Student: 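Submitted below is the structure of interest, expressed as structure tokens.
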Amino acid sequence: MPTQDPPPLPRTNPALKQHDTLDLGLKTPRPDPKAEKNRVPRAPAVPSGWEQLDEIEAHKPTEEMRDTSLGLGVPGPSFGGDTQLDPSFELEPEAPTRRIEVGKSTRDDLLSLAGPHSDPDSNDALDLVSRVDMALDPSISGSLVPPVPPRQRDPMSELRERYALGDFSGALTIAEGMLEDDPDNGDAQRYAESCRDVLRQMYAARLGALSQVPTVTIPGEQLRWLTLDHRSGFLLSHVDGVSTLEEILDVSGMNPLDAMRIIWDLLQQKVIALR
Amino acid sequence: MERVIGIDLGTTNSCVAVLENGAPAVIPNRGGYKTTPSMVAITEAGKKLVGHIAKRQAITNAENTVFAAKRLIGRKFSSPQVKNAIATSAYRIVEGPHGDVRISLRNKTYGVAEISAMILQEMKVIAEDYLGAPVSKAVITVPAYFNDNQRQATKDAGAIAGLDVIRIINEPTAAALAYGFGKDLERTVAVYDLGGGTFDISVLEIGAHGVFRVIATAGDTFLGGEDFDARVIDWLVEGFQQEHNIDLRQDRMALQRLKDAAEKAKCELSATRETEINLPFIISSGRNEALHLQRVISREVLDSLCSDLVERTVDICRQTLQDAQLGKEEIEDVVLVGGMTRMPRIIEQVAEFFGREPCKGVHPDEVVALGAAIQGAALMDQKTEMVLLDVTPHTLGIMTFGSNFRGLIPQNTTVPTSRSEIFTTSRDNQTAVKILVMQGEHDKAEENELLGEFVLTGLRKAAKGQVEIEVTFEINADGIVSVSAKDMETGQKQAIQVTASSGLTKDELHNMIEAAQGEMLERRASEEDEASKQEAQRLIAEIERLFPQVEQIVASSDFGRDATEKARGILQRARDAVARGDAAGIKEHLEALGRTARMFRGVVQKTS
Ligand SMILES: Nc1ncnc2c1ncn2[C@@H]1O[C@H](COP(=O)(O)OP(=O)(O)OP(=O)(O)O)[C@@H](O)[C@H]1O
Ligand SMILES: [Mg+2]
């Protein structure tokens, strides 16, 4: 395999750039960039300096914000209601292009953010969310995102492409696949590491303060009807309404990225809630 | 008066108590539990976990989780108990530089006392948080059979944890004290203690003036609640195997959940006749699919699964009474100790064996700590009459001809004390004798523990039995044993001081104490930082919430705009400090944040 450039190290934290785009696919109507632009001015002027508000900082969500899950919106009545604007739309010059890229991007890409389930056809756990969300939000539907094209290209170039597109979970999956075949592949190693780093930051930013305490929102007997794997079940068994996210991550003994990803998934599925 | 805490440093759980308004009370930990698992773990990220949190990952991180360190403390690496522990532990037990035992966790090696110190430190913190004041003095309990080295190692652990251990007392003695036997005169009490990992039976003779003598003690250091849990796990695993043909033991996450659930069910069955074990998504059966484990277990099933374990404890009781030549009718009271004695089946069997109902009324897993707290308070208070006298836990003596053990100071002798005995040479023309100082109850010397040795030379050449040598054992008030041998003819003398050793040198101990102190300071500082950070975050959120309103209200005045500008600056700087994790910066901005929040609240209140 020809040696190619090492993974480009993200200039700014890509996790943050990705917030808007990737989440929109899951949580809120995927906005038309133009419409979005038009809507921005309707929001009261955001005082300068407030935009970075959330960054990685562990931001305690206020009551109104809780629904946005990400703790990304500027809190306050001005951003209340059903429109969840991401302040970075206005401020991040690259955002429109990014949105388009991700708009074209794969369902895998989007699903991967919600958790380990990424099979578009399986009747997987995401449907539990999407049914609820679809009721509220007609723009979310299975057909929104095209299925993953069968992978037939050179994995390294696909890896690069995914990475460049900001699809870090997709890139990581490919890198891990490559490492399974050739554990010494330095490029794949570097990509994998960089992806994990970015993803870790991304999930950490999304989950917010690790001092939050998750609680199970579904009664015990109904839990069984969810579609979860044993790892989710294991993490879920540690959610006791007393332990903090940090403690659960510590006791899980799992790789922190996997654990955060599963917790995020459980949050998305509204199986657990944070307080 | 300074408070003394009583600590029951158990094999599986530890408990801390203090005397409050004249009555001993157990102090709950932050999670509200009155006992804390005696477990220490280091996570993959290098973080130290102690107590419940360590227990919850004990199986998934088995190699780096220490449990039952008490089985190792103060023992020699070569001892059979250590061999046994090595065979049954997933963590690495290695030989220390002085033939002692060390534990290796994630590339770092710890002394056993150091591990126990982490637990003691946790108990100290629990007490300090509760009392709101630093605690430095403690009474710690140990099993009656602990020898001097094990006791010394426990003291060392206390020192590492920043505790001045003012007394080490026997667990059964502490339990008897908690039951109020200190005031009674002349009573013979049996203490049946079944904990998480060990079983102990002791018979105490309680005399006047607080003299507690252990007349007999025996047990099994590998028999306890864990074995009961294991039976339930086996039952669950077999049932699952039959139903799904999947071995749950192959998956550590499944096993961890089974272990937790088995113990929980076992405890529940002490109060109810039936309980459900419900473990959804226990193991994956395919992609995104997992099987559930759901089973009902009854008290009868638990009893039958564990009947032989209960039987074993009764057998040990029987044997112990026999060895001590005590009749059951001589036992005037039976005290139950250890969480496992909440199990109805155990209470029944014990009552049946001793022919009397055991004492009830105190939580069996708390009594030992309560007794230690009572003793601690008594030691501090000059006025109280009840003072436990220290007794020697084992017989002290020397090895004599034919590898026999000759005891000079019997077990349970009150210290200070001194005894002498005359010995003679065993060979013709013998010019030197080797004195092997030993501790233990066996007639065969090799079964006892060697404490030290020395040689007395220059004896007159004579036929065997002609030269007389006087051997003297002396134990001072601090428990230090000196042994001397004197040639009666020449007056020539040799002596040694036997100091109990935990297996750590002075330097090692000193370094461990310093390291633990440093860590403690760091822990306290980071707790403080976390509190300031949370306060700052709370204020930031409040100011942010009020900002739009305040801005609207004051928009018309120049002054108001100035003020909001300033507030914005404060907010930004505070947020930056939080984002950077800059503890000093956060503290610096707390005051300004508080002022801003007050001002904002005021503005909003006035206009609404
Ligand atoms: N209600 C209950 N019913 C049955 N068993 C219980 C109950 N509560 C606690 N246990 C068991 O008691 C054991 C712990 O007892 P304890 O806290 O006295 O242990 P310990 O003193 O640390 O152990 P050791 O005596 O081995 O040093 C555990 O196995 C626990 O499952
Ligand atoms: Mg105990």
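Chain identifiers are assigned alphabetically (A, B, ...) following the order of the sequence lines, protein sequences preceding nucleic acid strands; residue numbering begins at 1 within each chain. Here the structure is a predicted model, which means the values were calculated and not measured.
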Student: Which of these, B/H52, B/Q57, B/Q256, sits in a side-chain contact (heavy atoms from CB on, under 4.5 Å) with A/V251?
Tutor: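 Result: among B/H52, B/Q57, B/Q256, B/Q57 is the only option passing the side-chain contact (heavy atoms from CB on, under 4.5 Å) with A/V251.
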Student: Please lay out, stage by stage, how B/R56 and A/S243 fare under the test side-chain hydrogen bond (donor to acceptor under 3.5 Å, both in side chains).
Tutor: CA-CA 11 Å; B/R56 288 172 64 183; A/S243 309; 2.7 Å; yes
Student: Return the option, out of B/T60, B/I53, B/N61, with the maximum number of heavy-atom pairs under 4.5 Å with chain A.
Tutor: B/I53
Student: Compare all side-chain heavy atoms of A/H230 with those of B/D251 and state whether any distance is below 4.5 angstrom.
Tutor: yes
Student: To the nearest 0.5 angstrom, please state how far the CG atom of B/L279 sits from the CG atom of A/L236.
Tutor: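 The distance works out to 11.5 Å.
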Student: For chain A, which of B/A41, B/S284, B/G581 has the most heavy-atom pairs under 4.5 Å?
Tutor: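 Looking at each of B/A41, B/S284, B/G581 in turn, B/S284 comes out on top.
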Student: Check B/A290 against A/L228 and note the closest heavy-atom contact, atom names and distance.
Tutor: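 Looks like CB-O, 3.4 Å.
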Student: Which one of B/E530, B/R252, B/R257, B/E44 has the most heavy-atom pairs closer than 4.5 Å to chain A?
Tutor: B/R257
Student: How many angstroms lie between atom CE of B/M253 and atom OG of A/S252, to the nearest 0.5 angstrom?
Tutor: 7.0 Å
Student: Within the side chain of A/R224, is there an N or O that forms a donor-acceptor pair under 3.5 Å with the backbone of B/H292?
Tutor: no
Student: Counting neighbours of CD on B/E527 that are heavy atoms of other residues, nucleotides or ligands and sit closer than 6.0 Å, is the number greater than 12?
Tutor: yes
Student: Most heavy-atom pairs under 4.5 angstrom with chain A, which of B/Q294, B/R580, B/K55?
Tutor: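 Going by pairs under 4.5 Å, I would pick B/Q294.
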Student: Which is it for A/L226 and B/F281 under the side-chain contact (heavy atoms from CB on, under 4.5 Å) test, yes or no, and what are the steps along the way?
Tutor: CA-CA 9 Å; A/L226 297 173; B/F281 313 105; 4.1 Å; yes
Student: I want to check something: taking the side chain as every heavy atom from C-beta on, are B/I282 and A/F234 in contact at a cut-off of under 4.5 Å?
Tutor: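 They are not in side-chain contact.
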Student: Below 4.0 angstrom, N of the basic side chain to O of the carboxylate: do A/E247 and B/K47 qualify?
Tutor: no
Student: Are any side-chain N or O atoms of B/T43 and backbone N or O atoms of A/D250, one a donor and one an acceptor, separated by less than 3.5 Å?
Tutor: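 No, the answer is negative, given that no donor and acceptor are paired below the 3.5 Å cut-off.
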